[in-house]
Amino acid sequence: MKISIIGTGNVGGALATQWAKAGHQIFLGTRDVSKFEDMHLLANPNTSLHTIAESAKAAEVILVAAVPQATQAICDQIREVSKGKVVIDAMNSVRTKPEGFNNSFEAFKSYLPESEIVKCFNSTGFENMSNPIYHGEGIDMFVAGSAVKGKEIAKQLALDAGFSTCWDFGGDDKAQLLEYFALSWINLAIMQGHGRNMAFKVIKR
Ligand SMILES: NC(=O)c1ccc[n+]([C@@H]2O[C@H](COP(=O)([O-])OP(=O)(O)OC[C@H]3O[C@@H](n4cnc5c(N)ncnc54)[C@H](OP(=O)(O)O)[C@@H]3O)[C@@H](O)[C@H]2O)c1
């Protein structure tokens with residue numbers, strides 16, 4: 001699959017690497033190609049560097065792992081080229097929100113009405129995206145959104161990144177809940193001091 005990664009820091013870099021290793025074609029999107037700092041990602045297979053608009057245009061799926069307050073600026077650059085495509089929102093409004101919205105998912109829904117928006121890859125630390133294997137078994141990922149195709153693709157990409165299962169959290173109305181779920185991980189890992197090497201896995205009887 002051709003995947004655009006906008007925001008190539010901790011989260012974008014981890015997923016770009018996992019997906020490149022899985023055989024996907026990765027189009028990194030950056031604000032200023034001449035100032036790109038995450039050069040190590042270009043050592044991954046099938047990976048190239050572009051402007052944000054070019055990367056989104058080249059791809060079938062767009063993952064955004066930038067900062068929530070940049071959502072409008074990013075949407076302005078990808079609006080035309082993201083129509084009908086899947087856009088995965090991996091951001092959490094922990095410290096900042098997009099102006100006028102509670103979270104980035106709401107902003108994407110408003111700014112990109114013709115795209116398939118889902119929230120995924122936001123609920124665990126980036127170290128767990130780089131290595132989702134604990135004791136020989138993959139941890140779980142979670143996806144929310146009402147876009148059917150978006151959800152199917154996000155689920156497949158979670159498996160391709162090494163997660164065991166990608167649980168369906170529900171429709172658009174559950175995107176905020178998935179941000180609270182991310183805050184629960186942050187609370188346990190950081191505030192309660194359990195460390196970032198912990199993860200959620202659903203077990204059933
Ligand atoms: N860190 C985690 O463990 C984790 C886990 C799950 C979800 N998240 C969420 O994922 C998002 C990214 O977190 P991160 O830790 O990966 O952050 P990060 O390492 O600081 O990377 C942020 C990226 O956003 C880009 N960016 C900043 N402003 C931008 C703009 N105006 N337009 C386009 N790109 C812009 C930066 O590009 P430049 O290099 O050009 O500045 C950088 O590549 C956050 O919303 C965070 O809450 C983080």
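Both counts, for ligands and for their atoms, begin at 1 and track the order of listing.
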Legend entry - Selection from S123, G29, A90 by shortest heavy-atom distance to atom 10 (O) of ligand 1: A90
Legend entry - For atom 46 (C) of ligand 1, the protein heavy atom that lies nearest, with its residue and separation: N92 N, 4.1 Å
Inset, instruction - Measure I52 to ligand 1 on non-hydrogen atoms and call it side chain, backbone, both or neither using the 4.0 Å cut-off. - result: side chain
Inset, instruction - Classify the contact between M129 and ligand 1 as side chain, backbone, both or neither, using a heavy-atom distance cut-off of under 4.0 Å. - result: side chain
Legend entry - Neighbour count above 12 (heavy atom, 6.0 Å) for Y180 OH: no
Inset, instruction - Please verify whether a non-hydrogen atom of E37 lies at under 4.0 Å from ligand 1. - result: no
Inset, instruction - Verify the contact flag for atom 37 (O) of ligand 1, where contact means a protein heavy atom under 4.0 Å away. - result: yes
Inset, instruction - Could you pull out, from R31, M91, R196, the option with a heavy atom nearest to atom 27 (C) of ligand 1? - result: R31
Side-chain polar contacts of residues 66-73 - donor-acceptor pairs under 3.5 angstrom, sequence neighbours left out - could you list them?
{"unit_1": "Q69", "atom_1": "OE1", "unit_2": "T96", "atom_2": "OG1", "d": "2.5"}
{"unit_1": "T71", "atom_1": "OG1", "unit_2": "P68", "atom_2": "O", "d": "2.5"}
{"unit_1": "Q72", "atom_1": "OE1", "unit_2": "Y111", "atom_2": "OH", "d": "3.4"}

Inset, instruction - Flag D38 as yes when one of its N or O atoms lies below 3.5 Å from any N or O atom of ligand 1, and as no otherwise. - result: no
Inset, instruction - For atom 3 (O) of ligand 1, state whether the nearest protein heavy atom is under 4.0 Å away. - result: yes
Inset, instruction - State yes or no: are the ring centers of F181 and F200 separated by less than 6.0 Å? - result: yes
Legend entry - Residue and atom name of the nearest protein heavy atom (relative to atom 12 (C) of ligand 1), distance in Å to one decimal: A66 O, 3.2 Å
Inset, instruction - Look at the side chain of K151 and the backbone N and O of G170, then say whether any donor-acceptor pair between them is shorter than 3.5 Å. - result: yes
Legend entry - Ligand-side contact atoms (ligand 1) for residue partner G125, heavy atom cut-off under 4.0 Å: 3 (O)
Legend entry - Between E127 and N131, a side-chain donor and acceptor under 3.5 Å: no
Inset, instruction - Note the single closest protein heavy atom to atom 8 (N) of ligand 1, along with its residue, its atom name and the distance in Å. - result: V11 CG2, 3.7 Å
Legend entry - Identity of the nearest option to atom 17 (O) of ligand 1, non-hydrogen atoms only, from T124, T8, N10: N10
Inset, instruction - Determine whether the side chains of N46 and H24 contain a donor N or O and an acceptor N or O closer than 3.5 Å. - result: no
